[in-house]
Structure formats: structure tokens, C-alpha cells
Amino acid sequence: MTPELNGVDDSGNPIAGRFRIGLALSGGGFRASIFHLGVIRRLEELGIMKDVDVISAVSGGSIIAAYYVCEMETRLRQVEPRLWEDTPTRVAVYEAIAADFLKAVDHNLRTRALVFTPFFHPILFVKTLILKAKRSGARSELIQREYDKWFYDRDTIDQFPSVTPKQSKGTGPVLHGPQIVLNTTSLLTGERVSFSRDSNSAIAEMKRSNKNSLPLSRVVGASSGVPVLFPPTHIYGDMLVDGGVADNQGIEALLTMDPCGTGAAKQVLLVSDASGQLEAIHTISAGESAVFARVNDILQFQVRSKLIDRLVQWRVDCPLERYFAFTHLFLNLKDRGVTERLPAEMIPAVARIRTDLDQFSLVERDALMYHGYTLIDAQIRQYCPPLTLAYPVSAAPPLAAPPLHAPAALDSTAKRDRVRRELEVGAQKVFLLRSLRKYPRRVGLLFGGWALAWIAALYVLFGRYTQPLELAQSWIKNVLSGLTSGWIGIALDWLLTYAKLPARTSLVTGIASLIAASAVAAIAAYVLAFPTYWLVRRLAMSADRKTYQEIAGAAWTSAWRPPEPRAKEAR
């Protein structure tokens with residue numbers, strides 16, 4: 001049962017449940033998802049997460065928001081109703097959800113969907129990239145299939161909670177959860193387009209189309225569909241791309257939901273920003289691509305700056321009723337004397353970790369999660385005094401450091417430098433090159449094995465078993481002959497005679513042979529690259545676990561420290 005809004009205790013202090021709490025989860029690929037996991041963990045420990053009314057998510061934030069909220073509701077239904085709002089119970093469920101999410105991340109979804117598609121999705125590959133090669137949205141469909149496999153299992157938006165904390169006023173136990181807003185950007189109008197669960201149980205609501213039937217994977221795929229890398233996703237006649245194009249922090253959706261003066265509760269916005277930030281540079285290339293990339297970064301920086309200005313003004317308009325806490329990757333707490341924090345020398349490396357949908361090492365995971373975990377705690381303490389009074393830190397479990405960031409794990413400069421180097425390599429976007437930098441000898445041997453196998457395959461295909469090469473050459477020759485027939489062939493014959501080059505038939509045969517040989521060599525290299533990638537991924541996972549254990553002195557675990565039960569009166 002949620003108490004009435006805007007209440008205070010006998011001492012005049014606000015009480016938990018008297019707030020309208022919004023949580024914004026920014027974009028930034030799996031880097032953002034993992035960072036947000038750390039933020040959510042601390043909010044669960046403080047008892048705040050169960051009272052969040054709205055979550056506005058973008059891109060990587062949408063991936064974890066949709067997964068976490070749906071899984072939390074599903075798993076809480078398996079425990080007794082009296083434990084639905086029990087903090088130790090929720091933290092235990094959180095740890096199970098986080099462990100499952102990070103196991104899925106181990107499978108390198110982007111590579112499965114876009115690089116080695118024929119091996120992971122052979123039927124869908126033929127359907128989308130061969131039979132309908134020009135069909136818009138083919139690559140987006142592939143990544144959405146991965147989302148369904150690892151996260152959503154064909155769930156729809158209807159899986160989102162139907163009762164928010166603000167609406168939960170019944171006398172019996174009610175399993176409530178936040179309203180989820182997944183943000184995308186329309187290419188047609190340039191506006192932010194949001195998706196959320198609609199109520200559909202009343203008679204009047206039955207007369208409208210059921211938008212809750214939208215698959216979660218499709219909406220999340222649209223919200224995280226980086227332009228160019230993924231084609232636009234078509235939903236209801238609109239062409240939607242990554243929500244970060246319009247608002248990568250997810251702030252705008254929260255600012256427009258409850259204007260000043262319309263609600264009796266104090267309003268608190270918690271912003272978890274794991275997006276990239278513009279860094280000053282000393283020089284830049286004058287090339288077109290470099291200038292274009294820099295201009296795009298500046299535009300994103302200006303959009304972010306304007307949204308922060310709106311957030312600050314939102315607070316200034318009602319200083320006694322509105323509060324916000326803002327976290328971002330470059331935030332350093334050492335000036336505040338905070339001891340539970342990521343070391344300053346590691347922050348730039350963490351902030352520059354790639355924004356991708358591939359495999360993240362154990363060191364990268366712990367650094368991102370611990371950074372978000374400590375930042376949200378410190379920001380709430382400093383900028384949200386009423387929230388701190390309503391959810392006292394003293395009543396929550398103490399800040400828990402993962403094994404990698406426990407004092408004993410970083411007790412030497414050598415260990416700290418080793419962690420920093422691991423994080424700096426995380427900026428490399430290509431998985432195989434990143435693995436080669438981290439483990440040059442072992443991965444180098446696998447690359448050497450791939451090269452030898454490729455050379456052997458070329459020897460067989462070009463010298464022993466030439467049928468594939470001959471078939472490719474014959475097919476390409478027929479295509480080129482068809483293209484050079486008619487008046488085009490006459491003109492080409494005249495040009496070749498004038499230039500004293502071989503006859504057209506000889507030239508076509510030579511070009512066909514060259515293209516066929518190149519194609520066969522490329523296909524052989526690609527086919528052999530798959531087992532090499534599989535072996536490198538397994539090797540990297542094993543080596544990452546060993547490296548983590550050497551530094552931390554313990555195996556990685558999602559349960560950093562068992563939460564201490566709260567006293568009954570402190571809940």
C-alpha cells in the first residue's frame with residue numbers, strides 16, 4: 001500500500017512514498033546498459049527503485065530497462081507477496097537478473113547478427129539478405145532476433161507493469177512497477193517518438209487498436225538502432241531510428257510528464273548518463289570524414305547541453321518541489337572526499353569504452369557497474385536532500401565494492417596500472433583486434449593458424465579442386481557478357497581496338513577470372529574466420545576470468561556483498 005502523497009513525519013521530514021520519482025537511462029550500447037545496472041543496484045539497496053514511477057530509456061538504456069523491469073515483475077511473482085517490497089529480496093532478485101543479462105552479453109550479439117549471420121541465423125540470412133536483399137530493415141530484423149533470443153523471448157509491451165507506485169493505493173498486496181517509456185526518433189518528422197504500455201481493460205479502450213501487441217524486441221531495436229549501422233525500423237507507418245538522435249539522455253520525456261504545480265508530490269529526477277562526451281582536442285585532420293565526424297560530435301554535444309539547461313531550469317522554476325541527481329561517466333568524486341569511488345586514473349578509460357553490442361570483459365563490467373553504483377549514491381546525497389531523508393543511507397546496506405575494487409585488490413600500483421590498461425584496450429571497437437592487443441601471443445597464434453588454413457584452402461581450390469572457381473568464373477563471365485552485349489559491346493570493341501588492348505572476349509574472360517578468384521578467396525577467408533572467431537572468443541573469456549581472479553583474488557560474481565537486512569522500522 002502506498003501512502004498518500006506529500007506527507008511528513010512528526011519531525012517535519014518527508015517520508016518515503018511522497019515523491020514522484022523519474023529515472024532516465026541514457027543510450028550508449030551495452031556500455032550504458034552495464035553502467036545503468038550499477039545505478040539500479042544502489043537504488044535497490046536504498047529502497048528507491050521500488051518507488052520509481054517512470055523510467056525513460058534510450059538505446060542501450062532501453063535494452064536494460066525493458067529487460068530488468070519485466071524480469072523483476074516475473075521473478076517477484078514467484079515469492080510471497082509480503083516480500084515484494086522487501087529490500088534484501090529485491091536485491092537478491094536483482095543479482096540473478098544482472099547475472100543472466102551479463103551472460104547474454106558474453107555472446108557478442110552484434111557479431112552474431114551482423115558479421116557471422118549465416119552461421120547463427122542461416123534461414124533468416126537467406127530470407128533477409130539474399131531473397132530480399134534490398135528489403136528495408138533486414139539488418140534491424142537480425143539484431144531484433146538476437147534481442148528476442150537472449151532477453152525478451154517474444155514478449156510484447158503488454159509485459160510492462162500495469163500499476164505504478166503512484167497508482168497503487170489498494171489495501172491488499174499489489175505488485176507494481178514503473179511506467180516504462182522507450183524513446184526513438186522519427187526520420188519523417190525529426191521528433192522524439194515514445195512507446196509505453198497503454199491501459200486496455202475498459203470498454204472504451206477496447207474500441208481502439210491494441211498497441212500493446214508490439215514486440216519488445218522491435219521497439220527496443222528501434223530505440224537502439226544506430227543510423228547507418230542499422231536501417232530504420234518501420235512501426236505504424238513511421239521510420240524510426242535510435243532515440244539518441246533526438247535525446248540521448250532520456251530527459252525530455254520526464255520533463256514533459258508532470259508540469260510544475262499539477263501534482264502534490266515532490267518531483268525527483270535521477271539521470272544516469274553513460275553516453276559519450278565531447279573532449280577537447282589539440283588538432284584535427286582537414287579531411288572530409290574527420291571534419292564530418294567532429295561536427296556530428298559537436299551537434300550531439302550541443303543537444304546534450306541544451307537538455308541539461310532545461311533540466312536545471314526545471315529545478316529553478318520550483319526549487320522547493322523539484323530535485324534531480326545527474327551522473328555521467330567522466331564524473332570524479334575525489335574533490336568531495338568520497339572514498340567509495342572509482343579511482344581517478346581509471347575514469348577516462350571507463351568513459352572511453354566502446355559503445356557497442358559486443359562482448360565485455362569482467363574488468364570492464366565491474367568498473368562500469370561500480371562507477372554507476374557509487375556515483376548515484378553520492379549525487380543523491382548531495383542534490384536530493386528530501387530523498388535522502390525519506391530513504392536514509394543508514395538504513396540501507398553499506399556501499400559494497402566488487403572484488404576487483406575492494407581495497408585489497410588495488411593495493412599496489414602494478415595492479416592499478418594493470419586494470420587501467422585493461423580498460424584502455426576497451427576503446428578498441430573490433431573484437432578480434434581488441435583480443436589481439438590484450439593477449440598478443442595466444443590470439444596471434446590463432447590468427448597464424450587462420451592464415452595457414454586459408455593458404456591451404458586456396459591451394460586446394462585453385463590447384464586441386466577447381467570446380468567452385470570454374471563455376472564462379474563461368475557465372476561471372478556470362479553476367480559480364482550480357483552487360484557488354486549490343487551497342488555497348490560494339491562501342492567497347494572499338495575502344496579496345498583503338499587502345500590496342502585484347503579483344504573483348506579475352507578481356508571479359510580475364511576480368512571474370514580475376515573477380516572469381518577474388519570472390520573464392522574472400523569466401524574461404526570468411527568461412528575460416530568463423531571458427532577462428534569462436535576460438536578467440538572462448539580464449540578471451542577464459543583469459544579474462546583468469547586475469548580478473550589474479551587481480552581481485554576472487555572469481556567474478558554479481559553478488560558483491562550480501563545485503564544486511566534492514567530493521568523493520570527503517571523500511
Side-chain angles (χ1 to χ4, degrees), residues 28-35 37-38 102 105-106 108 110-111 274 276-277 279-282 328-334 339-375 401-448 533 535-557 560:
F30 281 154
R31 179 183 76 181
S33 300
I34 298 170
F35 179 82
L37 269 178
L102 293 172
V105 171
D106 273 341
N108 202 332
R110 191 252 302 157
T111 299
Q277 294 187 40
E279 297 183 52
I281 56 179
H282 301 292
H328 61 86
L329 288 172
F330 274 106
L331 184 59
N332 192 341
L333 300 175
K334 72 175 184 178
T339 56
E340 297 87 0
R341 60 178 175 83
L342 197 70
E345 68 266 28
M346 299 180 189
I347 291 177
V350 169
R352 294 169 184 147
I353 290 176
R354 65 205 173 280
T355 58
D356 212 331
L357 300 175
D358 67 353
Q359 183 175 323
F360 278 66
S361 72
L362 301 180
V363 172
E364 293 168 340
R365 294 178 190 176
D366 262 16
L368 285 166
M369 291 175 65
Y370 186 56
H371 198 29
Y373 176 82
T374 54
L375 288 182
L404 183 69
H405 296 281
L410 300 176
D411 57 359
S412 68
T413 301
K415 286 185 178 180
R416 294 164 76 100
D417 287 344
R418 188 175 180 183
V419 173
R420 189 180 71 247
R421 287 194 297 270
E422 284 277 322
L423 295 172
E424 289 173 346
V425 173
Q428 170 57 251
K429 295 182 179 180
V430 181
F431 171 73
L432 292 176
L433 296 181
R434 186 167 68 249
S435 300
L436 182 63
R437 285 183 60 185
K438 291 170 66 175
Y439 312 109
R441 292 184 180 178
R442 286 170 284 183
V443 175
L445 285 175
L446 291 177
F447 277 20
Y533 154 78
L535 290 172
V536 169
R537 192 173 74 83
R538 292 291 177 178
L539 183 152
M541 289 174 63
S542 176
D544 284 342
R545 292 191 187 98
K546 184 177 180 181
T547 298
Y548 184 94
Q549 192 150 7
E550 288 175 353
I551 299 173
W556 183 90
T557 173
W560 298 344

Problem set entry | Partner residues of Arg416 under the salt bridge (Lys or Arg N to Asp or Glu O under 4.0 Å) criterion, sequence neighbours left out |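 Arg416 satisfies salt bridge (Lys or Arg N to Asp or Glu O under 4.0 Å) with Glu345 once adjacent residues are dropped.
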
Exercise. Taking only residues two or more places apart in sequence, or in another chain, which ones meet Asp544 in a salt bridge (Lys or Arg N to Asp or Glu O under 4.0 Å)?
Worked result: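 Once residues adjacent in sequence are excluded, the partners of Asp544 under the salt bridge (Lys or Arg N to Asp or Glu O under 4.0 Å) criterion are Lys438.
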
Residues forming a side-chain contact (heavy atoms from CB on, under 4.5 Å) with [X], sequence neighbours excluded:
X: Lys546; result: Glu550
X: Val443; result: Ser435, Leu436, Tyr439, Phe447, Val536, Leu539
X: Arg437; result: Val425, Gln428
X: Ser412; result: Ala414, Lys415

Quick one: side chain to side chain donor-acceptor pair (under 3.5 Å) partners of [X], sequence neighbours excluded?
X: Arg365; answer: Asp106
X: Asp417; answer: Arg420
X: Gln277; answer: His328

Atom pairs and distances, side-chain donor-acceptor, residues 348-355, under 3.5 Å, sequence neighbours left out:
from, atom 1, to, atom 2, distance (Å)
Arg352, NE, Glu279, OE1, 3.2
Arg352, NE, Glu279, OE2, 3.1
Arg352, NH2, Glu279, OE1, 2.7
Arg354, NE, Asp358, OD1, 3.0
Arg354, NE, Asp358, OD2, 3.3
Arg354, NH1, Glu364, OE2, 3.0
Arg354, NH1, Gly426, O, 2.7
Arg354, NH2, Gln359, O, 2.8
Arg354, NH2, Glu364, OE1, 3.0

Exercise. With sequence neighbours left out, what residues match Tyr370 under ring-ring contact (aromatic ring centres under 6.0 Å, His included)?
Worked result: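 Tyr370 satisfies ring-ring contact (aromatic ring centres under 6.0 Å, His included) with His405 once adjacent residues are dropped.
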
Problem set entry | Ile347 backbone acceptor or donor facing His371 side chain under 3.5 Å |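 Such a contact is absent between His371 side chain and Ile347 backbone.
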
Exercise. Hey, are Asp356 and Arg110 close enough for a salt bridge, meaning a charged N less than 4.0 Å from a carboxylate O?
Worked result: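 Between Arg110 and Asp356 there is a salt bridge, with a charged N closer than 4.0 Å to a carboxylate O.
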
